[in-house]
Undergrad: 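Quick one: the structure is below, questions incoming.
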Amino acid sequence: MAILKRRSSTDTDTDSTKSSAAAAAAGGEASAVTAASSLSDDMLAEIILRLPVESVARSKCVSKTWCATVADSYLRRRLPLQLSVVYFPENDDAGSARGKARPRFACADSAAADGGVGLLRDRDLCFFPFLDVSVVCDACNGLLLLRAAGTKRFYVVDPVTRRWAALPPPSRDPRLSMLAFDPSSPRRGGYHVVNFTGRWRDRGGEVEVYSSETRAWSLRDAEFGVPAASLSGSVHFHAGAVYVLASDPDCVVRMDVTEAGIACAVAELPEPADGGGGGDGRLAHSAGRLHYVATDGALRVKVWVLDGESPADALQWRLKHAVKLGDVVQLGKKCGCGRGSEARFLALHPEKDAVYVWSAGKLLEYDLTRKEVAGVWAFGKGEKNRVVKTWLVPSSMTI
């Protein structure tokens with residue numbers, strides 16, 4: 001471990017020490033790289049884990065060597081997950097030039113112990129020069145997909161590393177656009193943008209997909225297996241596939257977008273997506289499995305996990321949790337925020353049995369096993385906001 005070696009304190013080492021210093025100065029970056037590379041994986045991980053997650057993420061921009069180091073799977077598994085949100089203030093006087101509220105991005109501090117409340121701190125998005133004229137289309141595992149209003153110009157933005165990329169315009173006008181990014185994929189930094197063009201057939205249609213590896217769009221034909229008109233705007237990306245909720249029949253359509261063609265499979269839902277009575281059905285993933293989360297007007301939450309592998313007819317939904325978010329509602333009433341009757345599902349924890357909901361103007365983590373609130377985060381005092389996306393991912397895993 002070169003940078004941790006002890007040097008002799010004898011006078012006879014003076015000349016060699018000066019020579020080493022001169023060589024190090026001449027070597028510059030090469031010496032630093034050599035020193036870092038001589039560290040064991042455990043030692044390097046311990047050093048990096050003590051840095052702020054934002055610093056770790058941005059260090060990927062220093063050099064290709066650092067990028068590879070921070071993206072290493074061993075280190076990624078040890079980095080803490082950071083709760084991040086995309087939201088819109090309900091009363092934003094500093095709106096965009098088009099009169100719409102700007103999208104904002106925030107990361108959570110650790111929630112205070114003993115029932116305290118942590119803070120969701122804004123991260124400045126002004127480094128992106130087209131923020132005022134763009135709208136957020138989607139967010140996926142730490143990356144944002146924005147589109148310049150009224151155009152076919154798309155941008156992928158990393159709010160932590162403060163980097164962004166402009167995409168070439170697609171050949172078709174998109175009706176619905178989504179971002180597909182898997183930070184745990186061997187293809188480091190690779191992502192896809194999926195545009196549904198609205199050119200439907202009875203049970204299929206045209207889809208245009210952008211790949212960050214080829215830096216090009218490709219038109220593809222998909223056979224959905226259900227009437228095209230039944231597809232909803234509720235989409236979710238997981239493990240290389242896009243999942244779309246559909247009705248009539250109530251099902252989920254799996255579309256593999258990472259391959260040359262788009263192979264589709266259909267699995268029936270265990271419960272209708274609309275749920276009735278103000279209910280809602282959403283897709284999410286946790287512990288490497290696809291989940292279906294249904295809520296209703298009585299604040300009941302049911303969580304199913306999809307068991308089995310392909311073919312689709314072998315897949316089975318298994319009810320995993322059924323809880324009523326009473327603790328969340330009571331917390332809202334105690335806060336005096338006037339929103340104690342609302343608990344809107346946002347996301348599942350990717351590793352443990354926990355759900356994230358928006359209630360009483362705050363973001364809450366609810367432990368599905370213990371049936372209790374495990375964490376609470378709020379914005380600045382008096383702010384009212386509409387959260388649209390939530391995820392937990394090590395910041396260094398983004399591009």
Side-chain angles (χ1 to χ4, degrees), residues 138 140-141 175-182 184-185 192 194-196 200-207 209 220-276 279-296 300-323 345-356 368 389 391:
D138 196 17
C140 185
N141 290 326
R175 293 290 185 87
L176 173 66
S177 303
M178 68 167 296
L179 180 63
F181 171 58
D182 183 359
S184 63
S185 170
H192 292 79
V194 183
N195 283 342
F196 294 87
W200 309 125
R201 298 187 308 278
D202 181 32
R203 299 173 70 85
E206 187 181 71
V207 179
V209 180
R220 306 182 189 178
D221 196 65
E223 292 294 335
F224 304 133
V226 298
S230 70
L231 297 181
S232 75
S234 181
V235 293
H236 180 73
F237 175 76
H238 171 58
V242 172
Y243 293 86
V244 185
L245 289 180
S247 58
D248 192 28
D250 291 299
C251 62
V252 57
V253 179
R254 181 186 188 276
M255 305 170 58
D256 190 335
V257 298
T258 61
E259 303 300 330
I262 295 185
C264 298
V266 178
E268 292 186 7
L269 290 176
E271 191 169 284
D274 56 19
D280 185 32
R282 300 276 296 278
L283 295 169
H285 66 271
S286 181
R289 294 292 187 88
L290 185 71
H291 289 64
Y292 176 66
V293 182
T295 59
D296 62 21
R300 286 187 293 263
V301 174
K302 295 180 181 179
V303 180
W304 287 268
V305 59
L306 189 61
D307 288 333
E309 302 293 340
S310 295
D313 56 5
L315 301 180
Q316 297 291 330
W317 292 102
R318 172 171 54 87
L319 184 62
K320 194 174 180 181
H321 297 286
V323 298
F345 168 78
L346 292 174
L348 289 177
H349 193 286
E351 297 175 355
K352 63 183 182 181
D353 286 340
V355 64
Y356 290 85
L368 292 167
K389 281 284 184 177
W391 64 83

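Here the structure is a predicted model, which is why all the values come from computation and not from measurement. Values below: all heavy atoms of this structure, side chains included; hydrogens, waters and symmetry mates excluded.
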Undergrad: Atom CD of residue position Glu268 - does it have more than 12 heavy atoms of other residues, nucleotides or ligands inside 6.0 Å?
TA: no
Undergrad: Give, for atom CZ of Phe181 and atom NE2 of His192, the distance between the pair rounded to the nearest 0.5 Å.
TA: 12.0 Å
Undergrad: Run the side chain to side chain contact (heavy atoms under 4.5 Å, CB included) test on Phe345 and Asp280 for me, step by step, so that the C-alpha distance in whole Å, both residues' side-chain angles and the decisive distance to 0.1 Å come before the verdict.
TA: CA-CA 9 Å; Phe345 168 78; Asp280 185 32; 6.0 Å; no
Undergrad: Identify the heavy atoms of Ala222 and Ile262 that sit nearest to each other, and give their distance.
TA: CB-CG2, 4.0 Å
Undergrad: Please evaluate residues Tyr292 and Val252 with respect to the criterion side chain to side chain contact (heavy atoms under 4.5 Å, CB included), reporting the C-alpha separation (whole Å), side-chain torsions for both, the decisive distance (0.1 Å), and the verdict.
TA: CA-CA 10 Å; Tyr292 176 66; Val252 57; over 6 Å; no
Undergrad: Within the distance-only criterion (no hydrogens, no angle test), does the side chain of Arg203 pair as donor or acceptor with the backbone N or O of Phe224 below 3.5 angstrom?
TA: no
Undergrad: When you look at Asp138 and Phe237, which way does the side chain to side chain contact (heavy atoms under 4.5 Å, CB included) test go after all the steps?
TA: CA-CA 11 Å; Asp138 196 17; Phe237 175 76; over 6 Å; no
Undergrad: State the NE2-CG distance between His236 and Leu290, to the nearest 0.5 angstrom.
TA: 6.0 Å
Undergrad: For the residue pair Ser286 and His349, what are the closest heavy atoms and their distance?
TA: OG-O, 2.7 Å
Undergrad: What is the distance from atom CG of Leu306 to atom CZ of Arg254, rounded to the nearest 0.5 Å?
TA: 10.0 Å
Undergrad: What are the two closest heavy atoms between Met178 and Val242, and how far apart are they?
TA: SD-CG1, 3.3 Å
Undergrad: Which heavy-atom pair separates Leu245 from Gly281 by the least distance, and what is that distance?
TA: CD1-O, 3.4 Å
Undergrad: Supply the atom-to-atom distance Lys302 NZ to Thr295 OG1, rounded to the nearest 0.5 angstrom.
TA: 11.5 Å
Undergrad: Is it the case that over 12 heavy atoms from other parts of the model lie below 6.0 angstrom from the CZ atom of Arg175?
TA: no
Undergrad: Please report the C-alpha distance between Val207 and Met255 in whole Å, then the side-chain angles of each, then the deciding distance to 0.1 Å, and finally whether the side chain to side chain contact (heavy atoms under 4.5 Å, CB included) criterion is met.
TA: CA-CA 10 Å; Val207 179; Met255 305 170 58; 4.1 Å; yes
Undergrad: Could you give the distance from NE2 (His291) to NE2 (His285), rounded to the nearest 0.5 Å?
TA: 10.0 Å
Undergrad: Please determine whether a side-chain nitrogen of the Lys or Arg among Asp307 and Arg289 lies less than 4.0 Å from a carboxylate oxygen of the Asp or Glu.
TA: yes
